[in-house]
Amino acid sequence: MNAIELKNVTFTYGKHMPGAVPALDDVSIQVKSGGITGLIGHTGSGKSTLVQMLNGLLKPDSGTVLLDGIDIWAEPKKIREVRFKAGLVMQYPEYQLFAETAAEDIAFGPRNMGLEGEELDRRVREAARFAGLSEEILGKSPFDLSGGQKRRVALAGVIAMSPKILILDEPAAGLDPEGRRDILGGVKRFSRESGTTVLIVSHSMEDMAMYCDDVIVMAHAKILMHRPTAEVFSRAEELAAVGLDVPLITRVAAALRKNGVDIGLDVYTVDYAADKILGML
């Protein structure tokens, strides 16, 4: 069964206003259970609208949104349960922290699910482990933490609810390279160990290449392609046509081909490029 499925979904902001154009235009997509899927597209392509659909923050004007095969709007009064099932971490979530300690902030979501005692404590500590938070940090005020640490607390707060689907909107935005690796590496471990389906929205092609199994490309409120990561980044001309780039190493591979060294155009990580070059030698 697919974890996520959209069938002919259309949504327009201010749809009754003159000149309104769809943010999503007859979008259909399927995301299999497990693994990490990237979502890329130029600004205004519909990415953020799509992820808010999955969490029930927006309701389609037409079409159907299904999680694990169930229409999330079949029973509108139960939409709150959908938000526990599909955990959404918005861009710069650290601005939403409010509790006295990091541990209390992480516990907020699962406590609202009715958890308490040992189970609540286990969820908090397990989520903190995936997010790379130490025992010492859990006892600190979130307002005394660095930007990267705050981001990890916010991420842990969603992971602690054990969502079947984890949706991340620019999870590493504004972080230095080490912070990006820590956040996204923790997400990858969480997905692999728990079997959780992860959807990541990002403008970083390097992050998409490094962490995603497949990639969805959006353009002009529609799905342009949905393919394995290597195949998406091998179609550089199509991506450039809609204002997107490819990882730097993919551009290096294209330049090598022009100079007589063909390691292929499906090269999208440095490690893969190194293997191809060593194989030729």
Side-chain angles (χ1 to χ4, degrees), residues 1-79 81-83 85-91 163-170 197-203 205 208 212-229 231-246:
M1 181 180 295
N2 294 311
I4 298 168
E5 186 171 2
L6 272 65
K7 294 182 178 180
N8 308 109
V9 168
T10 296
F11 180 82
T12 303
Y13 294 100
K15 60 183 177 181
H16 299 300
M17 300 294 290
V21 296
L24 296 177
D25 187 5
D26 196 30
V27 168
S28 295
I29 196 73
Q30 297 178 344
V31 176
K32 63 187 178 184
S33 297
I36 302 177
T37 295
L39 178 60
I40 62 176
H42 58 79
T43 300
S45 62
K47 306 184 304 297
S48 292
T49 302
L50 189 149
V51 298
Q52 290 179 69
M53 286 283 169
L54 301 178
N55 190 249
L57 294 177
L58 296 175
K59 185 177 181 179
D61 296 333
S62 60
T64 309
V65 179
L66 300 102
L67 301 183
D68 283 343
I70 299 173
D71 180 355
I72 68 172
W73 288 102
E75 298 182 72
K77 291 183 179 180
K78 294 185 177 181
I79 198 65
E81 297 176 13
V82 170
R83 293 170 187 150
K85 185 176 182 179
L88 173 60
V89 182
M90 301 293 285
Q91 192 171 359
K164 289 191 174 183
I165 301 164
L166 177 62
I167 307 161
L168 308 172
D169 191 354
E170 296 286 357
T197 303
V198 177
L199 182 66
I200 299 178
V201 180
S202 179
H203 283 94
M205 299 302 105
M208 296 288 96
C212 296
D213 303 305
D214 56 354
V215 175
I216 299 168
V217 183
M218 293 194 70
H220 310 298
K222 293 180 177 290
I223 303 296
L224 178 65
M225 68 178 87
H226 180 194
R227 297 284 187 273
T229 303
E231 184 178 340
V232 168
F233 289 129
S234 71
R235 298 162 69 170
E237 291 185 4
E238 291 178 64
L239 295 177
V242 293
L244 298 173
D245 205 349
V246 295

Step by step, would you call M205 with V246 a side-chain contact (heavy atoms from CB on, under 4.5 Å)?
CA-CA 6 Å; M205 299 302 105; V246 295; 5.8 Å; no
Find out whether [X] and [Y] are in side-chain contact, i.e. whether some heavy atom of one side chain is under 4.5 Å from a heavy atom of the other.
X	Y	value
M218	I223	yes
E170	S202	yes
I165	L54	no
F11	V27	no
V51	K47	no

Can you tell me how far [atom2] of [Y] sits from [atom1] of [X], rounded to the nearest 0.5 angstrom?
X	Y	atom1	atom2	answer
N8	L24	CG	CG	12.0 Å
I167	M90	CD1	CE	10.0 Å
L88	D169	CG	CG	7.0 Å
M225	L239	CE	CG	5.0 Å
L244	M208	CG	CE	11.5 Å
S48	M53	OG	CE	12.0 Å

Looking only at heavy atoms, what is the nearest atom pair of G14 and A20, with distance?
O-CB, 3.3 Å
Minimum-distance pair of heavy atoms, taken over all atoms of P163 and G87:
CB-N, 3.6 Å
Atom pairs and distances, side-chain donor-acceptor, residues 56-73, under 3.5 Å, sequence neighbours left out:
unit_1	atom_1	unit_2	atom_2	d
D61	OD1	K15	NZ	3.4
D61	OD2	T12	N	2.8
D71	OD1	W73	N	3.0

Exceeds 12 heavy-atom contacts within 6.0 angstrom, atom NZ of K222
yes
Is it the case that more than 12 heavy atoms not belonging to K85 sit under 6.0 Å from its NZ atom?
yes
Without placing hydrogens or testing angles, list every side-chain donor-acceptor pair under 3.5 Å for residues 34-43, not counting sequence neighbours.
unit_1	atom_1	unit_2	atom_2	d
T37	OG1	D214	OD1	2.7
H42	NE2	H220	N	3.4

Counting only N and O atoms by type, is there a donor-acceptor contact under 3.5 Å from the side chain of N55 to the main-chain atoms of A86?
yes
Would a distance-only check, ignoring hydrogens and angles, find a side-chain to backbone donor-acceptor pair under 3.5 Å from T197 to S33?
no
E75: which residues meet the side-chain contact (heavy atoms from CB on, under 4.5 Å) condition with it, sequence neighbours left out?
K78
